[in-house]
Amino acid sequence: LKLTALLNRAPTEFRFAGRKQCSCGAGAAGIEPRLPLARLMWSRFNGPVARRAAGQRAGTAGSTSAALPRRVSACSFFGTSAGNVLPGCRSGRCPSSPSAGAAVQRRFGSSGAAAVVGPGSEVHGGDDIYNVKRLVCDFSVTTNALGPVPKALAAAKGLLDDVEISWITPRGGDVEAILQEVEDAAHPSEHLATAHAVEHYPPRTDVDLENLAAAFLAGPEGAADARERLLFGNGASELIDLLGRVAPEGPFCVSPHVKVQYREYQRACKNAGRAMTSNPKEASLVCLVNPNNPTGDFLERGEMEAWITANVSPGTWVVVDESMLFWAGADWLDRGVSSAFVKKMANLHIPVFLVQSWTKIFSCTGLRIGSVLCPTAEKRQQLESVQVPWSVNVFARTYLKAALQDGEYLERTWRTTRRWREHMVTRLQRLHPTWEIHGEPWLSYLWIDTKDPEVAESVYAASLACGCPIRHAKSGYDLPSFIRLAVRRPYDFSVLYQALLQLECTKRDKSISFGTYADVHPGAVEGIRLVHIDDLLPHEQVLHDRAGKLQDYIRDLPVKILPAIIIDSRYQVVIDGHHRLELFRAAGMTIVPAVSVNYEHEDILVNPPGKEVKGISKETVIGNAVRGKLMPPKSTQHMVRSRGGALLPIIVLAPQIAEIQQSKN
């Protein structure tokens with residue numbers, strides 16, 4: 001049975017397919033298989049991970065890790081000591097293996113050192129992916145959780161299909177020149193390549209891109225007018241910098257509605273020599289971000305337009321960054337600043353510029369492309385006159401053209417972002433009810449006030465340790481108690497959530513040690529995890545008399561020993577342990593250990609053969625649990641088939657794994 005060690009620095013050994021396993025999940029050849037040992041420390045009342053004894057045996061200081069989904073391993077993310085890395089492990093997945101330390105650097109070309117930010121630059125989310133030993137998922141940037149647009153990736157990749165590498169140039173030439181090339185071809189370094197998208201300048205104007213983006217931003221009826229006013233740049237950052245340099249001389253002002261806003265505007269204005277004022281009527285440039293990043297504040301169209309009308313003086317330029325508005329839903333275009341308002345203000349000599357960052361909604365920050373919809377064609381020309389030529393590369397252009405035409409991708413974004421954000425908010429509020437979580441329910445990020453700088457710092461450190469970096473607002477925003485989390489898939493969030501559960505446990509003072517020895521197919525068991533008690537879905541009612549007797553029995557024991565709860569890995573449905581769950585709940589526990597199983601595996605049975613109950617199947621067990629329709633007590637008798645073919649009660653996956661005892665501290 002292969003188990004992911006909850007505490008990776010305790011000495012752990014796993015048996016899998018007759019080979020001894022390193023904690024990173026890789027086998028080491030030539031090592032005799034031994035019995036598995038997973039000694040994991042837990043807490044009755046969510047106490048500290050009491051692994052001091054195990055740590056002393058391993059000769060290490062007490063660092064902890066949480067069990068991870070099967071595609072990742074505990075030692076890969078939480079730092080592994082020599083005590084549980086097998087000699088000869090060369091998997092590259094283990095941080096202690098020689099090849100793993102540079103995994104991110106090889107992938108991204110970074111030294112892995114902390115980002116160095118000069119006085120004219122700002123700290124950004126995304127920097128910390130180079131400061132983790134292995135990246136699981138980046139929670140520090142507010143990009144689309146769906147990832148890059150598949151059709152757009154295919155289009156950009158297609159640009160490299162028109163590549164030829166040969167000894168003789170396909171461009172032609174006289175006979176003597178060709179013969180000379182043939183002679184030179186004896187040297188491989190003399191091979192010639194042709195790649196149109198790489199070696200040639202792109203056209204200065206991309207009509208197709210302008211038409212597509214204009215129709216997207218202004219609708220079919222306003223596309224022709226918008227195209228004349230649209231300017232693209234190397235990410236929104238270049239355009240923000242242009243606006244800071246080209247706007248009329250004088251001070252600048254940021255939004256007074258929010259505590260803090262995206263700092264690129266302050267950077268650009270200060271680099272252009274502008275002073276900052278809090279009074280928009282005194283400013284020659286007013287910079288607004290709506291929806292605001294990072295706080296999540298949002299003004300609807302009427303509110304934003306009314307504020308600009310009441311507070312901005314003629315001659316002042318207004319910039320409204322609407323990069324995060326695309327997540328609002330199918331009606332996003334009706335909620336931002338309207339074209340009619342932009343024209344009205346232009347007539348009053350108050351030009352309004354609308355900025356869009358395409359890299360966020362279409363998850364392509366590595367390509368760099370943004371745009372600004374200027375109030376008039378003349379203002380576009382004014383900005384373009386000081387812009388560097390060929391600002392946007394052909395790969396970014398091609399990607400965006402394909403992305404703008406993929407309506408299905410946006411529909412999926414609007415469906416999933418709300419649901420995934422709610423999933424994260426619910427679990428974070430259960431774990432930390434005092435945290436304040438801000439932002440519209442459709443946004444791609446959560447702005448969280450932990451109320452304590454030390455808590456925020458510890459959460460940030462835990463996120464780096466598990467390979468899921470978040471944004472700590474101490475850096476860049478000077479708000480040490482705040483953090484920002486991007487919305488990500490529940491699967492990816494489960495890794496970060498496990499780290500937060502583990503972090504919370506280290507603050508308590510009770511302990512549980514547990515292990516398992518069942519010899520079943522490794523695909524039947526996902527691993528041992530920490531779960532919040534309110535995240536679990538029972539599928540059966542409990543016999544309250546039995547639950548009470550169990551509590552009385554445990555109360556009289558000096559050392560408390562119970563099997564852990566067994567749950568379905570996908571929906572967190574309780575498969576076995578409903579009465580134990582009631583005991584844990586009565587004891588005041590909020591975080592409990594659980595064995596997570598692959599419920600669909602053929603070796604897991606709802607009832608023994610020959611004792612099947614009509615109408616009860618795995619599908620009905622999961623369906624009833626998800627709907628909250630509980631079956632009568634003991635409706636199921638789950639079994640697991642060992643690799644030797646024996647049918648065993650599923651509780652054998654967790655024999656005597658929860659040892660609850662009073663702390664001596």
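- Ring to ring, W442 and F298 are close: their centroids are under 6.0 angstrom apart.
- Not a single ring pair (Phe, Tyr, Trp, His ring centres under 6.0 Å) links W327 to another residue, sequence neighbours left out.
- For the residue pair N293 and R484, a side-chain donor N or O sits within less than 3.5 Å of a side-chain acceptor on the partner.
- Q261 approaches L288 most closely through the heavy-atom pair OE1-CA, 4.2 Å.
- Between F326 and W358, the ring center distance clears the sub-6.0 Å criterion.
- Take Y262 and apply the ring pair (Phe, Tyr, Trp, His ring centres under 6.0 Å) test, not counting sequence neighbours, and it matches H124.
- Ring geometry for W447 against F482 counts as parallel: the plane angle stays under 30°, on a 0 to 90° scale with 60° as the upper cut.
- Looking only at atom types and distance, the side chain of R419 has no donor-acceptor partner in the side chain of H423 under 3.5 Å away.
- Closest approach of C269 and C287 over heavy atoms only: SG-SG, 4.2 Å.
- A396 approaches I369 most closely through the heavy-atom pair O-CD1, 4.0 Å.
- Pairing each heavy atom of H438 with each of T295, the nearest pair is CB-O, 3.6 Å.
- Exactly one of V372, V254, L243 qualifies for a side-chain contact (heavy atoms from CB on, under 4.5 Å) with V319. That residue is L243.
- Sorted by first then second residue, the salt bridge (charged side-chain N to carboxylate O under 4.0 Å, His left out) pairs that include residues 135-153, not counting sequence neighbours, number zero.
- The two residues G476 and R263 come nearest to each other via the heavy atoms O-NH1, 2.6 Å.
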